Amino acid sequence: MRSRIPLSLRLWVSLSAWLGVNGVSAQGETPAADLWNFDDFDDVDPTFLELAADQAPDIILFGVFAIIAMISFLKKSKPLKYLTLVLSVAYLGLYQSHLISITNVLGSLTGTIPLHTETIGFSLLVIFGVVSTVIWGRVYCGRICAFGALTQLIDAIVPARFQLKIPATLERRASYIKYAILFGAIAYYLLTDENSFYRYIEPFWMFSFEASTILWIGVGLLLIASVFVRNLYCRFLCPLGAALGLVSALSIFKIKRWSECSSCAVCENTCEWGAIRQRKIIMPECVRCDDCEILYASKTRCPHWLLKAKKKRLRIS
Amino acid sequence: LTGARYRADNPSRYPGVDRVKKCFATFFVVALPALIASAQPMADAAFEEQLQYLFPEAKSFSEKEGSPPVYRAYGPASDGKEPELLGLAFWTTELDPLERGYDGPIKMLVGMDTSGILTGVIVTDNREPYGYFSVETPEFAEQFRDKNVRDRFRPGEDVDAISRATVTVTSASRAIRNSARRAARAHLAPPEQ
């Protein structure tokens, strides 16, 4: 069902609803005609502060989670990163089922911004996801998204011998599938105004525990496949990741590279996301997992520091 | 390769192609207009059924009329008198068009009797991602039957809250409440208290 309300008005309504601006409603009749006196006993819709007070636990818990995630990212701490992943699966996934969905991207295209006063925790997640992507790249994919966190934890538990090593060329080609899915979904949505297909292209609904048997079989197969091909869904199939990847092309703080990077492949071989090609970092593929940045900082493994130390030794002798 | 050239040069060498084209042409000229023409009465009949579901006792319904737009349900006409007005049916999307869930408005047909008691709700269209276990369930619509237009319609209080679909349920409940109040205010006199 297509709404025939102009886009600008719909945007304004979404925004004003979020800001708690009252009076934006369809009540067109003059109060004089109100024989029912609805206003006398009419419960005024709760204000933003009342709603926020009701949702205080969720807001606080999300805040704590976001702070842990940011510390793990900014300090490049592996233990804190795994804590973030576990919290993401447990809290954002299993408890809240708060994951940004392709439907949010589709809705935003037609003026329904996914910010709601009834679910402030989710709205904060959306803001955090978009802002962090603009600043650093796909941090959301790397440690906030509960499904990504789940497959990364699977990846950490499964012995390396089970994992298939995909040839780089195939990996590169497969990484474009997600863009095809994204643009296919957008085209289908704009043509038919229908979004219920989303359950077939993203598995995030699994945290709601509500689906048909066929969908559960599909998710089961996807999770089993993730054991053999690490982060299969995030790297090759996720339309939301593709959308955030497009945004991340604009990101402000990129990973720095040394001049030595063109001849060294330590990071390229370490990257589990296929995001490094010699000196270049493919930003849309990078989820800011810290693996290469930990290597850069290593005085014993990064040629940049090793060569520097060697030059220093030569100068002294 | 030769086949491709043949086809490009001389399509009539492949009579099968012509036959397929003819079939398509017939479909567009004859069958499609017929399908479109037959779809409208079918939709009307389905809508009639929905109105009848909201007002099982009604004998006739008005066209959509008034501002805000409603359908009036009438009882049986008896010995020359005007048939009695049983209540109103209306689309939430027409009376509260700016109310939206996760992705746009949730389209519902609501029935309300003349004293402001809801006779039923039919959810016809929505794009809510988690609609399939919230507003699309029969339990959701059923809980609004016999609700008073003066009720609060607030999830967690007098409407069942469904976790993970908070926005959907809140928005749908608010749309029902606001459109019912708007319809009552414009078209009905409040009952004597």
Side-chain angles (χ1 to χ4, degrees), chain A residues 1-5 9-10 12-14 16-17 24-31 33-38 40-43 45-46 54-55 95-98 101-104 106-108 110-112 114 116-119 122-123 189 193-196 198-199 204-205 207-212, chain B residues 67-68 91-107 116 124-134 136-137 149-157 161-171 174-175 177-186 188-191 193:
Chain A
M1 207 229 37
R2 183 138 213 112
S3 150
R4 297 209 166 32
I5 304 158
L9 184 62
R10 289 156 76 186
W12 160 243
V13 171
S14 304
S16 53
V24 179
S25 74
Q27 316 282 29
E29 283 69 46
T30 48
D34 185 9
L35 298 170
W36 288 75
N37 291 322
F38 283 134
D40 291 355
F41 58 94
D42 194 2
D43 44 308
D45 280 327
D54 287 347
Q55 301 169 57
Y95 184 68
Q96 289 283 17
S97 189
H98 279 176
S101 156
I102 181 67
T103 57
N104 300 131
L106 299 176
S108 300
T110 49
T112 311
H116 301 277
T117 43
E118 290 92 359
T119 51
F122 179 71
S123 305
Y189 175 78
D193 216 26
E194 163 71 46
N195 69 359
S196 57
Y198 79 95
R199 273 173 277 168
F204 304 156
W205 50 263
F207 292 106
S208 76
F209 304 108
E210 305 265 358
S212 63
Chain B
S67 167
W91 293 105
T92 54
T93 40
E94 289 179 341
L95 272 76
D96 193 11
L98 301 184
E99 178 63 54
R100 23 202 335 110
Y102 276 115
D103 191 2
I106 300 164
K107 192 176 179 187
T124 56
D125 269 304
N126 78 89
R127 287 195 308 224
E128 298 302 292
Y130 286 166
Y132 61 101
F133 62 79
S134 56
E136 284 168 30
T137 61
V149 67
R150 296 179 188 272
D151 287 348
R152 289 163 73 82
F153 289 80
R154 212 176 269 178
E157 292 177 21
I162 295 166
S163 66
R164 301 166 215 275
T166 314
V167 170
T168 305
V169 173
T170 309
S171 162
R174 205 160 42 204
R177 182 194 68 187
N178 290 353
S179 55
R181 287 188 180 178
R182 194 170 167 218
R185 197 182 276 150
L188 300 174
Q193 305 237 317

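Sequence lines set the chain letters: A, B, ... in the order given, protein chains first and strands last, and positions in each chain run from 1. Keep in mind the model is a prediction, meaning the values are calculated, not measured.
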What closest approach, in Å, do [X] and [Y] show between heavy atoms, and which atom pair accounts for it?
{"X": "B:P129", "Y": "A:T103", "result": "CG-OG1, 3.4 Å"}
{"X": "A:W36", "Y": "B:V149", "result": "CZ3-CG1, 3.6 Å"}
{"X": "A:Q96", "Y": "B:R164", "result": "C-NH1, 3.8 Å"}

Inset, instruction - Please flag which part of A:S208 lies under 4.5 Å from any non-hydrogen atom of chain B: side chain, backbone, both or neither. - result: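 When you check distances to chain B, atoms from both the backbone and side chain of A:S208 fall under 4.5 Å.
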Inset, instruction - Please look at A:S196 and chain B and tell me whether the side chain, the backbone, both or neither of the residue comes under 4.5 angstrom of a heavy atom of that chain. - result: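 It is neither, since no heavy atom gets under 4.5 Å.
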Inset, instruction - Scan B:R154, B:R100, B:R174 and name whichever one has a salt bridge (charged side-chain N to carboxylate O under 4.0 Å, His left out) with A:E118. - result: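 Among the candidates, only B:R174 passes.
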Legend entry - A:W205 and B:Y132: CA distance, side-chain angles, deciding distance, side-chain contact (heavy atoms from CB on, under 4.5 Å) verdict: CA-CA 11 Å; A:W205 50 263; B:Y132 61 101; 3.9 Å; yes
Inset, instruction - Look up atom CZ in B:R127 and atom OG1 in A:T112, then write down how far apart they are to the nearest 0.5 Å. - result: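 OG1 of A:T112 is found 6.5 Å from CZ of B:R127.
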Inset, instruction - Please round to the nearest 0.5 Å and tell me the distance separating atom CD of A:E210 and atom CD1 of B:I162. - result: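 Rounded to the nearest 0.5 Å, the CD-CD1 separation comes to 9.0 Å.
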Legend entry - Criterion side-chain contact (heavy atoms from CB on, under 4.5 Å) on B:Y102 and A:S101, from CA distance to verdict: CA-CA 11 Å; B:Y102 276 115; A:S101 156; over 6 Å; no
Inset, instruction - Using non-hydrogen atoms and a 4.5 Å limit, figure out which bit of B:A189 sits close to chain A: side chain, backbone, both or neither. - result: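 B:A189 touches chain A through backbone heavy atoms alone.
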Legend entry - A:Y198 and B:D103 side chains, donor-acceptor separation under 3.5 Å: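 Result is no, nothing qualifies.
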